[in-house]
Amino acid sequence: MDPKYDAKTVELKWQQTFDQPGFFKPNASKEDPYVIMMPPPNVTGVLHNGHALFVTLQDVLMRFHRMKGRKALWLPGTDHAGIATQTVVERELAKNEYKTRREIGREAFVERIWKWVKQNGATIVTQMKQLGASADWSRHKFTLDPDLSHAVNEAFVRLWNEGLIYRGERLVNWDPGTQTALSNEEVDHITRKGELFKFAYKIKDSDEQIIVATTRPETMLGDTAIAVNPKDKRYIDLIGKFVTHPFFPERKIQIIADPMVDLEFGTGAVKITPAHDHNDFAMGERHKLERITIFTLDGKINQQGGVYQGLDRFAARQKIKEDLEALGFAHGSDPIEHNVSISSRSGEDIEPLLSRQYFVSMVDMGKQAYDAVHNGETRIVPASWKKTYDHFMLNIQDWCISRQLWWGHRIPVFYDLEKLAGRKLSDLSDQEVRELSVASTEDLVAKHGAQKFIQEKDVLDTWFSSALWPFSTLGWPNQTEDLKIFYPSAVLETGFDILFFWVARMMMFGIHFMGKPPFADIYLHAMVRDAHGRKMSKSLGNAIDPTDVIDGITLDDLLAKTKTYPVPAKILPQVLEGLKKDYPEGIPASGADGLRLSLAMLSGQGRDVKLAIPRVSGYRAFLNKIWNATRFALMRLGEEPVLPLEQVRTNLKLEDKYILSRLNQVIGEIDKSLSNYEFSAASETLYQFFWTEFCDWYIELAKLRIESQEVRSVLVELLSVSTRLLHPFCPFVTEEIWTNLPGQKGYCSFAEFPKSDASYVDLEAESEFKKLQEIIVMIRNARQESNLPAQKKLPGVILADTQADLDFIAGYQDAIRRLALLESIELKLRSEYTAPKLSAINSNSTYDTVLLLEGLLDLGAEKQRLTKELEKIQKELFGLEQRLGNAGFVSKAPPEVLEQHRAQQIDLSQKRDRIENNLRNL
RNA sequence: GGUCCUGUAACUCAGUUGGUAGAGUGCCACCCUUACAAGGUGGAGGUCGUAAGUUCGAGUCUUACCGGGACCACCA
């Protein structure tokens, strides 16, 4: 192995192996499948930390279960991501050719997108491979692949024929930016400062007027009623009367009473625009009000708006306010902070708009999906998300699945031109659509010609195809062998942010089409944030590119890169200062293994992942440690064959027994943690064990007997087991180490995950070893705290009360000499020894360690050290005595706790006596 | 308005059924000890957000309050 660990070299080498076609195909001969369906990233995507996190966590699970012998399938893919992709290509088109998609036409535009996808779609896949994702890439699926498209059509047709998909006119969330309808989940709500504008409507045939308040004055063009609360004394006489619209005097606008109106808010009188507000729409239904649509699809005033026609909605707002002012109807305005709906796609204000769209009935499917979790068929981890899931499923509304886009699965509804007899599709009633159309999985236009059929223009919401992912990827609707074996999957691992978008819908469709939920567990990971817990975003300038963590980046490059992000100029200087503070040295290269290990370490359940670079650096150092520990062993093992551990078992010494005991306990802990999705606990345990126990203690002691057969066997065992334990977290470096270990064949990827062997667990050896550790630490401490020369080997004496205690030490004099840097050791009974004045003494309950320091010791420093130690012990002892003196404690505490306290009291008081004695001797 | 998460060392986090606080990084001191300076050894540093309650005993359970965050609903 190279003397220096270089992540890049190792990772490039092993990536080639992992990349071999079918390398991670599930083993055909084994049963007991373990399946994860990879959440398909957008085909337009480039790797961000969210991807890095899910790849890490899922790959840990996959590698863990694969090594445990399960028939492991990780099925990868990419998503066509309707709006996102279309928008990207539209932008390119505008930038490069100054054309809109409408100018080049649907067919040509879709062709452009395909071209783009073929050119750039592999990026994200390549990046996931660089992270070591052990997916079965030979099964890679794209949501627009012919087989998946067929599944989409099939699902649509079935739901249509079952009456669960319907076409209807509803008030939908219209995005004037992308010019399509959106589902409720695609709408964000933000708080914004605005104004509550007040204006008067004149009561017909009267001098009276009624003042309404609104944040959207322009919608008054579509007002068809005024509503007041029936209990409102101010307006009680006006109910039933009509008002005059200032711009459309012929329109009938009645004052109606409805309990939904809040007496306290505004003026207590609400203008009602049933065609452009969800509440008003509902009120319109109750009172049979006329709906007047006043906007065009791109958010301008339409022909219903009279002189305002053609104005943008925001310009119209201004103009109408001015005109009302001029007419004397305006009554001032109040500032208001209110929630507005914006498109998560374009960022534009959502315009509620009456529109004919396709919907899926959700109530029954929602109930079934709720039941599946409720009765434990599917488990949500962490369980805290259960309530959120329940609430969504039980309050679910119908899902608007049609999108006015060109990129996606075109809705498989075909109209018979003959029956249509020249009528426009947009004029058809819902009932007529049913009668004149046919939903088919076949392309009827291709089959019968464009003279006979035309197809629905709209495409389906991206999430419709994603909802089928757990089974469409396995060949559904065909009853394939794969479907039988690999459905349902073991766990869905994904971010909580797509719980509604994706998880919920897979649950519903899985149950509906396959008869059982698509996964046994749902594990929801948290968001990756920056070191300070802020959401990472390019416009905040705090987004860390995972490839920069892998390859490293200098501060200068990082600053330069951030300047290319869309950070508002106003905050840019401050952002750059922040970066200089957070990454004074830039970001060191940690490799994919380092990034993975860090993400796993930082993944506490139900807690955000804060990507703190200093911690990442710590874990990268750990990989270096593993590398060097292995090198050490390999260099010292020599050429002679290493005996199997069982053969040397009878000759094991204390430190061997100790480390093997710990090893076998650690195996159990890690297995348990990983089985419970406790990634952080599992990796933390490994880290502590390997570095502290294996490297700092065992290897240091093993150096004394490095030639012995036992040590050679133990070392190999330790490395073999820990390499496999580490493998799920850092596959590259462990694979490299694995090939270098003596006696190992094949790949670490397919090696057996270690099993805990209880016969090696030896608590007595552990506690004896602890005694040895304590003595060594006591001597080290005395040496350093007394400001003694660090390298000078000193003579030492160890004291105890009984010969048995001394005999125990006798076997480890070499170890103590080496680890505590002593020149010689004498063992004496306390009764037979008095320490010379010039000595540094430390004590525990059993032993005194004495460093003999003729001419070296600073008496004052020594006195100070002992006094400090004494104070600490007295404080502890005081607490113990308090508790033991408490009658309630003595009578009510469980016996073992009481016993423990008493033992500790004796321990500490003995220690105190020793120190006092030592102090006197000085 | 509803739901959920969160507050522990300077920073980022562990802390499983209540038994008296740990890690990494940083800091201080000393060491280039032949696997590793991406290292070793020792050390300093915490009234566990605040208050009350339950208990012999609370970081852990209960309640209230304060702070940070997320989601859902709603506001004309």
Side-chain angles (χ1 to χ4, degrees), chain A residues 1 3-5 189 196 212-216 219 227 260-262 265-273 277-280 336-339 382 384-388 390-392 395 496-497 499-500 526-527 529 531-535 588 590 594 601-602 604 606-608 610-636 672-673 676 678 680-681 684 687-688 692 695-696 699-700 703 777 780-785 787-791 818-821 876 879-880 883 886-894 896-898 900-901:
Chain A
M1 282 164 73
K4 222 160 171 54
Y5 165 57
H189 302 277
L196 191 60
V212 295
T214 179
T215 53
R216 300 201 57 193
T219 60
M260 286 302 285
V261 179
D262 183 351
F265 193 90
T267 62
V270 194
K271 58 185 275 309
I272 302 298
T273 322
D277 181 278
H278 285 98
N279 281 329
D280 293 7
I336 186 177
E337 216 169 72
H338 62 139
N339 280 358
S384 50
W385 284 107
K386 231 178 107 176
K387 275 201 176 181
T388 308
D390 289 352
H391 184 262
F392 178 79
N395 293 281
F496 65 77
D497 50 324
L499 180 60
F500 303 144
M527 304 278 290
R529 295 171 176 279
H532 307 289
R534 290 170 310 185
K535 196 170 176 169
S590 297
M601 287 272 194
L602 296 166
R607 191 167 197 131
D608 286 335
K610 287 185 206 162
L611 199 59
I613 293 303
R615 270 189 89 168
V616 176
S617 302
Y619 299 129
R620 143 182 168 272
F622 179 55
L623 298 178
N624 190 51
K625 191 73 183 175
I626 297 166
W627 184 265
N628 281 299
T630 310
R631 277 183 58 233
F632 164 77
L634 295 179
M635 286 163 69
R636 298 305 189 84
K672 195 174 157 205
S673 296
N676 292 321
E678 288 164 353
S680 172
E684 200 86 42
Y687 181 98
Q688 291 303 334
T692 312
C695 291
D696 290 349
I699 290 188
E700 289 311 316
K703 283 176 180 171
V777 170
R780 285 171 173 173
N781 169 282
R783 173 196 289 278
Q784 299 218 22
E785 288 285 286
N787 297 323
L788 298 172
Q791 289 307 297
R818 181 183 165 85
L819 294 193
L821 276 174
E876 260 181 82
L880 271 177
R883 255 169 282 151
N886 182 332
F889 177 74
V890 176
S891 61
K892 291 195 180 169
E896 64 272 18
V897 172
L898 202 57
Q900 199 188 317
H901 274 72

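Letters go in sequence order (proteins before strands), and every chain restarts at 1. The structure displayed is predicted, hence computed values, not measured ones. Computed over heavy atoms, backbone and side chain alike; hydrogens, waters and symmetry mates excluded.
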Mind listing the N/O atom pairs, protein and nucleotides 34-39 of chain B, below 3.5 Å?
| from | atom 1 | to | atom 2 | distance (Å) |
| --- | --- | --- | --- | --- |
| B:rA35 | OP2 | A:Arg636 | NH2 | 2.5 |
| B:rA35 | O2' | A:Asn628 | OD1 | 2.9 |
| B:rA35 | O2' | A:Arg631 | NH1 | 2.9 |
| B:rA35 | N7 | A:Lys703 | NZ | 3.3 |
| B:rA35 | N6 | A:Glu700 | OE2 | 3.0 |
| B:rA35 | N3 | A:Asn628 | O | 3.1 |
| B:rA35 | N3 | A:Ala629 | N | 3.2 |
| B:rC36 | O4' | A:Asn628 | OD1 | 3.2 |
| B:rC36 | O4' | A:Asn628 | ND2 | 3.4 |
| B:rC36 | O2' | A:Asn624 | ND2 | 3.1 |
| B:rC36 | O2' | A:Asn628 | ND2 | 3.4 |
| B:rC36 | O2 | A:Lys625 | NZ | 3.0 |
| B:rC36 | N3 | A:Lys625 | NZ | 2.8 |
| B:rA38 | O2' | A:Asn624 | ND2 | 2.7 |
| B:rG39 | O3' | A:Lys625 | NZ | 3.3 |

Can you check the distance between [N] and [M], where both ends of the measurement are the [atom1] atom (answer in whole Å)?
N      : M      : atom1 : answer
B:rU34 : B:rG42 : C1'   : 23 Å
B:rU54 : B:rC61 : C1'   : 8 Å
B:rA64 : B:rC4  : P     : 13 Å
B:rC27 : B:rC11 : P     : 15 Å
B:rA44 : B:rC28 : C1'   : 7 Å
B:rU55 : B:rU20 : C1'   : 14 Å
B:rA38 : B:rG59 : C1'   : 34 Å
B:rU60 : B:rU3  : P     : 23 Å

List for me each residue that meets ring-ring contact (aromatic ring centres under 6.0 Å, His included) alongside A:Phe889, sequence neighbours excluded, and say none if there are none. A:His901
Taking only residues two or more places apart in sequence or in another chain, which ones pass ring-ring contact (aromatic ring centres under 6.0 Å, His included) with A:Phe500? A:Phe392
Provide, to the nearest angstrom, the distance between the [atom1] atom belonging to [X] and the [atom2] atom belonging to [N].
X        : N      : atom1 : atom2 : answer
A:Gln784 : B:rU41 : CD    : C1'   : 5 Å
A:Trp385 : B:rA70 : CH2   : P     : 12 Å
A:Arg529 : B:rC5  : CZ    : P     : 16 Å
A:Leu499 : B:rC71 : CG    : C1'   : 10 Å
A:Leu821 : B:rG40 : CG    : P     : 15 Å
A:His278 : B:rA76 : NE2   : P     : 12 Å
A:Phe500 : B:rC4  : CZ    : C1'   : 11 Å
A:Arg780 : B:rA29 : CZ    : C1'   : 16 Å

RNA chain B: 5'-proximal contact among A:Lys892 and A:Val270 (nearest heavy atom): A:Lys892
Note: for A:Val897 and A:Val890 on RNA chain B, the residue whose nearest nucleotide lies more 5' is A:Val897
[X] side-chain proximity, nearest of [options]:
X        : options                : result
A:Arg883 : B:rG19, B:rU20, B:rA76 : B:rU20
A:Asp277 : B:rG24, B:rG43, B:rA76 : B:rA76
A:Ser384 : B:rC56, B:rC71, B:rC5  : B:rC5
A:Asn886 : B:rC56, B:rG42, B:rG69 : B:rC56

Quick one: are A:Ile336 and A:Phe265 in side-chain contact, heavy atoms under 4.5 Å? yes
On the nucleotide B:rC72, are OP1 or OP2 found under 4.0 Å from the side-chain N or O atoms that A:His189 carries? no
A:Lys387 vs B:rC4: side-chain N/O to OP1/OP2 distance below 4.0 Å: yes
State whether the side chain of [X] and the backbone N or O of [Y] hold a donor-acceptor pair below 3.5 Å, judged by distance alone.
X        : Y        : result
A:Asn676 : A:Lys672 : yes
A:Thr215 : A:Leu196 : no
A:Arg615 : A:Lys610 : no

Watson-Crick or G-U wobble partner for [N], using a 3.5 Å limit on both distances?
N      : answer
B:rA9  : none
B:rC61 : B:rG53
B:rU3  : B:rA70
B:rA21 : none
B:rU41 : B:rA29
B:rC36 : none

Lys/Arg cation over aromatic A:Phe632: A:Lys703, 6.0 Å, 45° cone: yes
Residues passing the side-chain hydrogen bond (donor to acceptor under 3.5 Å, both in side chains) test with A:Gln900, sequence neighbours excluded, are none
Among residues at least two apart in sequence or on other chains, which ones pass side-chain hydrogen bond (donor to acceptor under 3.5 Å, both in side chains) with A:Thr219? A:Lys271
Contact pattern, 5' to 3', of nucleotides 6-18 of chain B - B, S or - by protein heavy atom under 4.0 Å: SS----BSS----
Parallel, tilted or perpendicular, as decided by the 30° and 60° cut-offs, for the rings of A:Trp385 and A:Phe496: parallel
With no hydrogens and no angle check, do the side chains of A:Asn628 and A:Arg631 hold a donor and an acceptor under 3.5 Å apart? yes
Interatomic distance, A:His338 atom NE2 to A:Arg216 atom CZ [nearest 0.5 angstrom]: 10.0 Å
